[in-house]
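What follows is a set of notes on a single structure, which appears directly below.
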2 protein chains.
Amino acid sequence: MSDSTPRPTDAELEILKVLWERGPSTVREIQEILNGVRPTGYTTVLKFLQIMTEKGLVDRDASQRTHVYRTRRSEEQTQSQLVRELLGRAFGGSAAKLVMQALSTRKATAGELAEIRRMLDELEGGDAT
Amino acid sequence: MSDSTPRPTDAELEILKVLWERGPSTVREIQEILNGVRPTGYTTVLKFLQIMTEKGLVDRDASQRTHVYRTRRSEEQTQSQLVRELLGRAFGGSAAKLVMQALSTRKATAGELAEIRRMLDELEGGDAT
DNA sequence: GAGAAAGTACGAAACTTTTCGTGGAGGCGT
DNA sequence: ACGCCTCCACGAAAAGTTTCGTACTTTCTC
């Protein structure tokens, strides 16, 4: 029902982040951004995009000579997948444990905490009789 | 200040889970449990424990002929590391986003939700009531 | 039209992860 | 003592990840 695509690797995630931020992009555009952060060759990025196309992580528009890539899954969908898998791998499926680790690890802003509270209200009130 | 050891791989995590649950264990003990879940050879487990010893993920007591392995980091420490790294890799450091993904991904029990609320109270009202 | 520039495809090297096979050492039963 | 059973060390195969080099094609420029 949810994911058939494999979990993106670390390097793939770097590319996806650029695509989520910029929207559909060319290899060159992605490479220039990535290269600004860490030396990254053009063909390296190209190869990853080819691999990611095969894996179904991105779509390619090859109608022009310079291909344009776009993500197939939203950032939220991917985050959800990563959380779900981490939950299974390391938290015995207990979302509460993960949440508490996350909250104790990095401090969120007051606004974010309020948002989390709202979400708790929704979850609790949602199906209670 | 926090972690120098590398993030455990998926297979390594399976072994760590057994060690956290059972406490210090021999290769045989771990292998039997793992094998109950999924066919897993003895030398496979042994090799992983040797690698994990090199990586500093576990300690080995070799004073007896049958070595005994124990984890070097607690389950909570490891979970914290995994969350922190996932936060950086995929959530732009926003714990709130991760928390909300976790909450919307799997439903927690009422008790767990209450526990999260308590933690929010603690974080927010660090000094006030 | 020739040559440079920019793009894609392909292959492969280096590394990591996962999984075993083999060999050798140590201890036990008879 | 002899053979068996258990254990560890080592090496290596197979797969996955990361990174480029090279070759080929298309387009632009003079």
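A note on names: the letters A, B, ... follow the listed sequences, proteins ahead of strands, and every chain is numbered from 1.
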What are the two closest heavy atoms between B/Gln64 and B/Asp61, and how far apart are they? N-OD1, 4.4 Å

Is the side chain of B/Gln79 donor-acceptor paired with the backbone N or O of A/Ala90 at a distance under 3.5 Å, no angle test? yes

Does B/Thr44 reach the main-chain N or O of B/Thr40 with its side chain, forming a donor-acceptor pair under 3.5 Å? no

If you draw a 6.0 Å radius around [atom1] in [X], do more than 12 non-hydrogen atoms from other residues or ligands fall strictly inside?
X        : atom1 : value
B/Glu21  : CD    : no
A/Arg117 : CZ    : yes
B/Arg89  : CZ    : yes

Under 4.0 Å between a side-chain N/O of A/Lys55 and OP1 or OP2 of D/dT17, yes or no? yes

To the nearest angstrom, how far is [X] atom [atom1] from [N] atom [atom2]?
X       : N      : atom1 : atom2 : value
A/Ile15 : D/dT17 : CD1   : P     : 13 Å
A/Leu57 : D/dT17 : CG    : P     : 10 Å
B/Lys47 : D/dA14 : NZ    : P     : 17 Å
A/Ile30 : D/dT19 : CD1   : C1'   : 17 Å
A/Gln31 : D/dT19 : CD    : P     : 13 Å

With side-chain contact (heavy atoms from CB on, under 4.5 Å) as the test, pick out the partner of A/Val99 among B/Ile116, B/Leu98, B/Val83, B/Leu113. B/Ile116

Angle separating the five-pair end axes of the helix from C/dG1-D/dC30 to C/dT30-D/dA1, nearest 10°, is 20°

Of all nucleotides in DNA chain C with an atom under 4.0 Å from a non-hydrogen atom of chain B, which is the first and which the last going 5' to 3'? C/dT17 to C/dG27

Taking only Lys NZ, Arg NE, NH1 and NH2, and the carboxylate oxygens of Asp or Glu, determine whether B/Asp10 and A/Arg7 approach each other closer than 4.0 Å. yes

Taking 4.0 angstrom as the limit, do B/Arg38 and B/Glu14 come out as a salt bridge? no

When every nucleotide of nucleotides 1-8 of chain D is labelled 5' to 3' by its protein contacts under 4.0 Å (heavy atoms), B for base, S for sugar-phosphate only, - for none, what sequence of letters results? -----BBB

Just to be sure I understand the rule, does B/Thr44 reach a base, reach only the sugar-phosphate, or reach nothing, if contact means heavy atoms closer than 4.0 Å? base

Is it the case that the side chains of B/Gln81 and B/Arg73 hold a donor-acceptor pair, with the cut-off being a distance below 3.5 Å and no angle test? yes

Let's go through A/Asp59 and A/Arg70 carefully: what are the C-alpha distance in whole Å and the side-chain angles of both, what is the deciding distance for salt bridge (charged side-chain N to carboxylate O under 4.0 Å, His left out) to 0.1 Å, and is it a yes or a no? CA-CA 5 Å; A/Asp59 267 345; A/Arg70 75 191 62 232; 5.8 Å; no

